[in-house]
Amino acid sequence: IMIHYQTMDPLPPQVQSSTRGTLKFSRLGHKGSILLVALHRPRVKNAINDDCYLDLADVLHQTADDSSISALVLTGTGSYFSSGADLTDSNLFAESSSSKGRNSMERPVGRFMFQLLSYPKLLAAAVNGPAVGIGVTLLLHCDLVWCNDTATFWTPFSRIALVPELCSSVTLVQRMGLAKANELLVLGTKIDASTALEWNLCSRIIPYYQETAFQDPFHPPSLAIQMVHEIDQKLLALSFGHETAQLFVTMVRGREQESMKSICREELIRMDQRFDSGQVAKAASHLLGLRDSKARAKNDKTDSLRSKL
């Protein structure tokens, strides 16, 4: 992915697409030092497939060494932040060609995770709607997290025989305590924005009040644009704001990077073991079969009602 940045002054921004088409991005702020990145697969509720993981990893890698970028804000296009890993992606359940097994660390998901854990710039998330799976666990590595009042947070890993990912076996416990973390991880409880605020998954809830702002993250006053504006005005517009942002990230998050990478490796190994055993494929097939059965039953009921009219 080659990012040719374009500044936004005045609005509306000039929005570009990633090479694989899974992201939209624009360079914003009074110095163009904030990159707003939107997951852009609205037809599948911004589910993340291998192409999306690779696009995200490329953006993180390229901006990490770009001295003109001070912050990255991640959001979603449409009504969802992200519905998590794309269960319809054929690569998700592809058998490993290696005798050693799956090895997710060398797959796009692993590449994305380690780029995220190494990211040296201010990283923020504007959660514009429901977040599922990795759409939740990545938030625990963001320096700022805001959401709107339509957001929900759900980590249904146990439903498809997965394990906690992206260090969430540790970060969720650190953030909210063991019992609440297990409500999410073990029981797969879905929580709303107010509960997420109480449990320290986010720091603000911003109500949405304009349909276009709700659907288009680059249209003011979307949640993402409000977040960009506040980061710009309260931090980056200050004297030495860029240097301050980088120093604070290094001090607050940077010292944990190596331990987080070690935890992430352990989780990926355990996840690979479940994939290689066939448990994940069977559980996912069963879940998708139940969804299809429910959809057919609903359609049959609708057809029956129509026939009586």
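Numbering of residues begins at 1 and proceeds along the displayed sequence.
- Side chain of Asp232 to main chain of Gly29: no donor-acceptor pair is present (N/O by atom type, distance under 3.5 Å, no hydrogens or angles).
- Trp199 and Val145 end up in the same hydrophobic cluster when Ile, Leu, Val, Met, Phe, Trp and Tyr side chains are linked at under 4.5 Å.
- Listed by chain and number, the residues in a salt bridge (Lys or Arg N to Asp or Glu O under 4.0 Å) with Arg265 amount to none (sequence neighbours excluded).
- A donor-acceptor pair shorter than 3.5 Å cannot be found between the side chains of Arg255 and Thr250.
- Remark: the backbone N or O of Leu35 is not paired with any side-chain donor or acceptor of Thr63 at under 3.5 angstrom.
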Requested in this report: Could you please spell out the steps behind the side chain to side chain contact (heavy atoms under 4.5 Å, CB included) verdict for Val252 and Asp143?
Outcome: CA-CA 9 Å; Val252 175; Asp143 303 295; 5.5 Å; no

Report task. Report the C-alpha separation of Leu72 and Lys121 in whole Å, then their side-chain angles, then the decisive distance to 0.1 Å, and conclude whether the side chain to side chain contact (heavy atoms under 4.5 Å, CB included) test is met. Result -> CA-CA 7 Å; Leu72 187 151; Lys121 306 292 180 68; 6.0 Å; no

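- When each of Leu56, Asp58, Val59 is checked for a side-chain contact (heavy atoms from CB on, under 4.5 Å) with Phe112, only Leu56 meets the rule.
- To the nearest 0.5 angstrom, Leu144 atom CG is 9.0 Å from Leu123 atom CG.
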Requested in this report: Check step by step if salt bridge (Lys or Arg N to Asp or Glu O under 4.0 Å) holds for Lys261 and Glu258.
Outcome: CA-CA 5 Å; Lys261 289 177 184 178; Glu258 291 309 311; 3.6 Å; yes

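- No hydrogens or angles considered: nothing links the side chains of Thr152 and Lys190 as a donor-acceptor pair under 3.5 Å.
- Linking Ile, Leu, Val, Met, Phe, Trp and Tyr residues whenever their side-chain heavy atoms come within less than 4.5 Å places Ile269 and Val109 in a single cluster.
- Taking the side chain as every heavy atom from C-beta outward, Ser82 and Ile48 approach each other to under 4.5 Å.
- If you chain together hydrophobic residues whose side chains sit under 4.5 Å apart, Leu201 and Ile205 never meet in one group.
- With 3.5 Å as the limit, one finds a donor-acceptor pair spanning the side chains of Asp272 and Ser104.
- Closest approach of Arg20 to Asp51, counting heavy atoms only: CD-O, 3.5 Å.
- Using a 4.5 Å cut-off on side-chain heavy atoms (C-beta onward), Phe114 and Cys264 make contact.
- Among pairs with a residue in residues 146-158, none fulfils salt bridge (Lys or Arg N to Asp or Glu O under 4.0 Å), at least two apart in sequence or across chains.
- Here the side chains of Ile34 and Leu236 are in contact, with some heavy-atom distance below 4.5 Å.
- Distance CG/Leu74 to CZ/Phe25: 13.5 Å, rounded to 0.5 Å.
- With Arg253 contributing its side chain and Val249 its backbone, the two residues share no donor-acceptor pair below 3.5 Å.
- Using modelled atom types, no side-chain atom of Arg41 and backbone atom of Thr22 make a donor-acceptor pair closer than 3.5 Å.
- With no hydrogens or angles considered, no side-chain donor-acceptor pair links Ser194 and Asp192 at under 3.5 Å.
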Which pairs of donor and acceptor atoms, one on a side chain in residues 166-177, lie under 3.5 Å apart (sequence neighbours left out)?
residue : atom : partner : partner atom : Å
Ser168  : OG   : Glu165  : N            : 3.1
Ser168  : OG   : Glu165  : O            : 2.7
Ser169  : OG   : Glu267  : OE2          : 2.5
Thr171  : OG1  : Cys167  : O            : 3.0
Arg175  : NH1  : Asn200  : O            : 3.0
Arg175  : NH2  : Leu140  : O            : 3.3

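- Few gaps surround CZ on Arg204; more than 12 heavy atoms of other groups in view lie less than 6.0 Å from it.
- Put simply, Val44 and Tyr80 are part of two different groups of oily side chains (I, L, V, M, F, W, Y) that touch within less than 4.5 Å, one to the next.
- Taking NE2 of His229 as the start and CD of Gln233 as the end, the distance is 4.5 Å to the nearest 0.5 Å.
- With no hydrogens or angles considered, no side-chain donor-acceptor pair links Gln273 and Asp276 at under 3.5 Å.
- No side-chain heavy atom of Leu23 sits less than 4.5 Å from a side-chain heavy atom of His40.
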Query raised in the report: Can you list the steps and then say if Lys31 with Ser70 is a side-chain hydrogen bond (donor to acceptor under 3.5 Å, both in side chains)?
Result: CA-CA 10 Å; Lys31 291 184 178 179; Ser70 301; over 6 Å; no

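- Linking ILVMFWY residues whenever their side-chain heavy atoms come closer than 4.5 Å, directly or via other members, places Leu87 and Val136 in the same cluster.
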